[in-house]
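Labels below follow one simple rule: chain letters A, B, ... track the order of the sequence lines, proteins then strands, and each chain is numbered from 1. FYI, side chains are in, hydrogens and waters are out, and symmetry mates aren't considered; it's all heavy atoms of this structure.
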Amino acid sequence: MTRFARLGGYGAVWLLAILTIAPIGLVLLRSVLTPSGVTLEHYRAAFTEPANIQAGINTVIVSVATVIFATLVAIPLAWLVSRTDIPGARRFRVLLLVPYVVPPYIGAIAWINLANPTVGWLNRAAGAAVFDIYSMTGVIWVTGLFFYTYVYVACLAALERVDPSLEDAARVSGAGPLMVLRTITLPLIRPAILAGAFLVFAASAAAFGVPALIASPARLHLLTTRIYGYVRTGGLDGLYTASALSASLLVMALAAWVLAERMGGAGRITTVTGKASARSRIRLGRWRWPAFAAVSGVVFLTCVLPVTAIVITSFMNIVGEFRWDNLTLDKYRYVLFTRSDTARGFVNSFVLAFGAATLAAAVGTAVAYVKGHPRFRTTRLVETSINLPYATPGTILALGMMLLWSWPLALVDTLWILLIAYFAKDLSFAVRSVTTAVQQTDVTLEEAARVSGASFVTTFRTIWLPLLWPAIAAGWFLVFMPAFGELTMSVLLVGPGTDTVGTVLFALQEYADPPSASVVAVLILAFILAAYTAATFVAPRAKAE
Amino acid sequence: MSLILLSGIEKRFGEFWAIKQLNLDVREGELMTFLGPSGCGKTTTLRMIAGLEMPTAGRIELAGRVLNDAGAGIALAPEQRGMGMVFQSYAVWPHMTVARNIDYPLRIRKVGRDERADRLARVLSLVHLEGQENKYPHQLSGGQQQRVALARGLIMQPKVLLLDEPLSNLDAKLRRTMRREIREIQRALGITMLYVTHDREEAEEISDRMAVLFAGRLAQLAPPLEVRTRPVDEEVRAFFAD
Amino acid sequence: MGHLARLCRPPFPLLLLALIAASACGDGRGGRQTVTIYTSIYEHVIAGLEPVLRDAFPDLDVRFFQRGSEDVAARLNSEIAANNISADLVMTSDPFWYEELKEAGHLLAYASPHASGIPSDLNDPDGTFVTVRMPVMVMAVNSTRVAAADRPRTFRELADAKWAKRITMGDPNRSGSYFTAVAALSKKYGWEYFEALRRNDIVAAGGNSAVLNRLMTGEKDAGIILLENLLQTRQQNVKAPIEIVYPEDGVILVPSPIAILKATAVPDAARRLYDFFLSDEGQNAIVGGWMYSPYDHIAPPAGARPWQAVFSAPLLPWTFDYLRETTSGREDIKRRFNTTVLEPR
């Protein structure tokens, strides 16, 4: 390694740390600092305010309840789809993953249309106000229907890894399928379930879009919406309080995330090597079609019903009137052409997501390469730079960005601050994707090229890139999609002219023109699903873990 | 006396015919090995008898009871067949102690504590694992884990014990010792055993009769001596030539 | 898969990245000055303004930050506290806040040549802000659910028990026009009026569009809302089941000002825009046929009552004394409203 390259390497590592870790550090610093010195005053002020205490309690309740809901839904689904002969298992596997790529606030809009206490579809059909979406239950319902995918994916992966003969042995010993599930399978995949559960907890505690759209109208708050309120309307004091609240939320989220990582590493299940383990599918017999109906019901609730709700609402003239002559393109015209912020938002979001994804893919490839080569050391700093922003709630990361990029370099209210925020938050997806691929690639392939006379750059270009390309492309999409629809950080960082699709939708639904919000939701959804489809073509074999 | 009868068994995986028209009978109290090169269908046949795979066509009977009849749509679930099975990878559950591994079949059937303890003690001494009840599998050697699997398969005193290459993961010396032990247990209990292996020496040493399979077809079913001295065709002869 | 995958092979994405980086760096301003306006004017009005401004001021890059009046105020107040003000001009619907800003010394005094045509009560005597548009609050009903004879005749009537669970308004914590309405109604009828509205379970949330939506879907039967929204809906959506009700106790005036921030880096450009919005061309662009102008020579909105009929007897006459005394109590009014109407009991 030349000295120049080494210096460049250190410089890059420190730059990465500044972009990712410094903001969070600033928030923590701000929570104990005043112009006159170090103090715990901000914490005292924050936690003697009853509304904040209530918000903290609400956050814990919502997170725990979502974990329970998500786990109860995900485990049977994963088991049915992966272990039994349920009809349509392959289709279900994919369909049940759809909420993984869709921003939860889209679901919030859909369920507001469905369960609004006065004019929601479901309530109209029932003839009475049976459901009230504007409640804690509403938040738990919508977040659960999205975050169950974390446990679902973890369970699927773990179920694949279980040695089939462990379950076969139980069957032969006299245990029926449910007994096997209870006594053998579940205990074996418990670490994976716990890992998924902690991830759900962390994600729920950090959620902003759904609580802001569903709970805030009922004047119910979570920590994230309180922090948002303080930053938005609290002036200088507000920033201190926001920082104190952020620190506590950060502890909660990080603790859950660390536990998730610990659990994910544990597990002494190995697959059978050698013989291709033909896993015998459990025959459901007369439960086949009831199971099919149940899983279809879940897909209906997570995909079909919400999408139908927002699509049809977007074409309604007067929302709620189910008549043919009530359908119109007016709202689309208004949103796309009469307003100038929608088109601007789409362009901004696309450019930002594209930039963030490309940057993340490049950095991810570099980091993965270095990790895969023992002669380079990836320092703790790099690992933390990648993982800390991922585990940090977006609200806190955004607050940190605001603090960091005000002086001396004022990037607040520009597109740059959004780019940095998206990059920092989603970088880990790209890194993980490429790292997995590097680990599965034999280093001797590179060595053969070097011995044959190829320089480092040539080797990289001709050997590594082609081999890693599917993983790099997959990592790119894994950053592009969440960055495009991002809301949590954007609401705090967007300024004049830098609207994103998320903030446009948020402003419409929350205050300006709720019926038009469904139109923007449809457009965002269409765009993300198009990106997802493109991803499956470009990187078919790489798995989106 | 035929304990197990396979008639017209066929097994298809997509386009691939793993088993074609297999007919064989297993006599009560004998140790029959399924022998052949890898991919010949011996494990598939064993799994069909266990109920872990379903034949595409044909009938399987145990002591006159129909386990499978593809034509009539009869297919008994594995847990209803009352057999024991030992797997190549031992399939010993890592989250349970030796004792709970072995008495699992009894606990499933809600057998009382005293009888469970009694049967556990007896089977532990049979496989020479006394004193290991409270250990976890990862604390045992490969050979010991296989004994646990064996004990588990025997604790229900089944009519039939199925063994799928049980010793392939052990070293040569241990293999020789254990196969003799298995043969002794089989003789002592008078239990019928179906034993899958790719090792000719092993098969010749322990079998009462050998079922030699090539590419899903039964080539010869006879005692080891007969297969050696009077191979039914060139393929069988070549398989046993050194 | 071929073409798409080929496009995704390097160096294409790298090239694209370079292009994006380059385009993000250069805003294409090409030497134009940036002027930032914080406003609560509706987005579609801004969209209509942008081409007009581009023509009138080719050397300026005018950027809008659009939110509800109170959100704009919150943001600007935060910026003031952090001493990091990005706005050059403000144009929202909470006149009281401008008096507050003036008293704190944040506004630039400027005597625009156009401002002299405006009635004195709508014009800050120190020249720091002037009313640039004049929305008015009236009432509206869902015409299919409320027969003509049953319509509320006055704002006061909404307090009657017959309107229980049937009425709605906006959130004065977010909307400047609703704040102004609450200030006027509380001054005229006292807080008992709002106690009564609370007993009637009034839904007070969102901005004018949200209120209009509730009336259109029939979620609520009657509400307090800006005339501007109603006129526009009636014209663009003939089938809309909405009827305008001019309250007999008088409309609520919301004189919405424009002002220049003292901290602006581009005072000349700001003054030019200030003049423009007060000129006939600017007035037509903002007022655009939906709301009243502070100038009586600008035509009133189509289908609305003439200026004199509306301003001769408003709910509360607009004077500068009223403005000053209400300004000091801004936060109190919001707090009072929240505890009376919004907070759970």
> Roughly how far, to the nearest 0.5 Å, is the CH2 atom of B:Trp93 from the CG atom of A:Asp163?
Replying inline: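 Result: 12.0 Å between the selected atoms.
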> When rounded to the nearest 0.5 angstrom, what is the spacing between CZ in A:Arg281 and CD in B:Glu53?
Replying inline: 12.5 Å
How close do [X] and [Y] get, counting heavy atoms only, and between which atoms?
X        : Y        : value
B:Met96  : A:Ile184 : CE-CD1, 3.7 Å
B:Pro78  : A:Arg171 : CD-NH2, 3.3 Å
A:Gly176 : B:Glu79  : CA-OE2, 3.3 Å
A:Leu188 : B:Pro94  : CD2-CG, 3.6 Å

>> Which atoms of B:Met85 are under 4.5 Å from chain A, going by heavy atoms: the side chain, the backbone, both sets, or neither?
In response: both
>> Heavy-atom cut-off 4.5 Å, strictly under: side chain, backbone, both or neither for B:Val86 against chain A?
In response: neither
Side-chain contact, heavy-atom cut-off 4.5 Å: [X] with [Y]?
X        : Y        : result
B:Arg47  : A:Asp168 : yes
B:Arg81  : A:Val172 : no
A:Arg283 : B:Met54  : yes
B:Arg152 : A:Ser173 : yes

> For chain A, which residues from residues 101-117 of chain B have at least one heavy atom closer than 4.5 Å to it?
Replying inline: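 At a heavy-atom separation under 4.5 Å, chain A is reached by B:Tyr104, B:Pro105, B:Ile108, B:Arg109.
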Heavy-atom count around [X] [atom1] within 6.0 Å, excluding the residue itself: above 12?
X        : atom1 : answer
B:Arg217 : CZ    : yes
A:Trp287 : CH2   : no
A:Arg288 : CZ    : yes

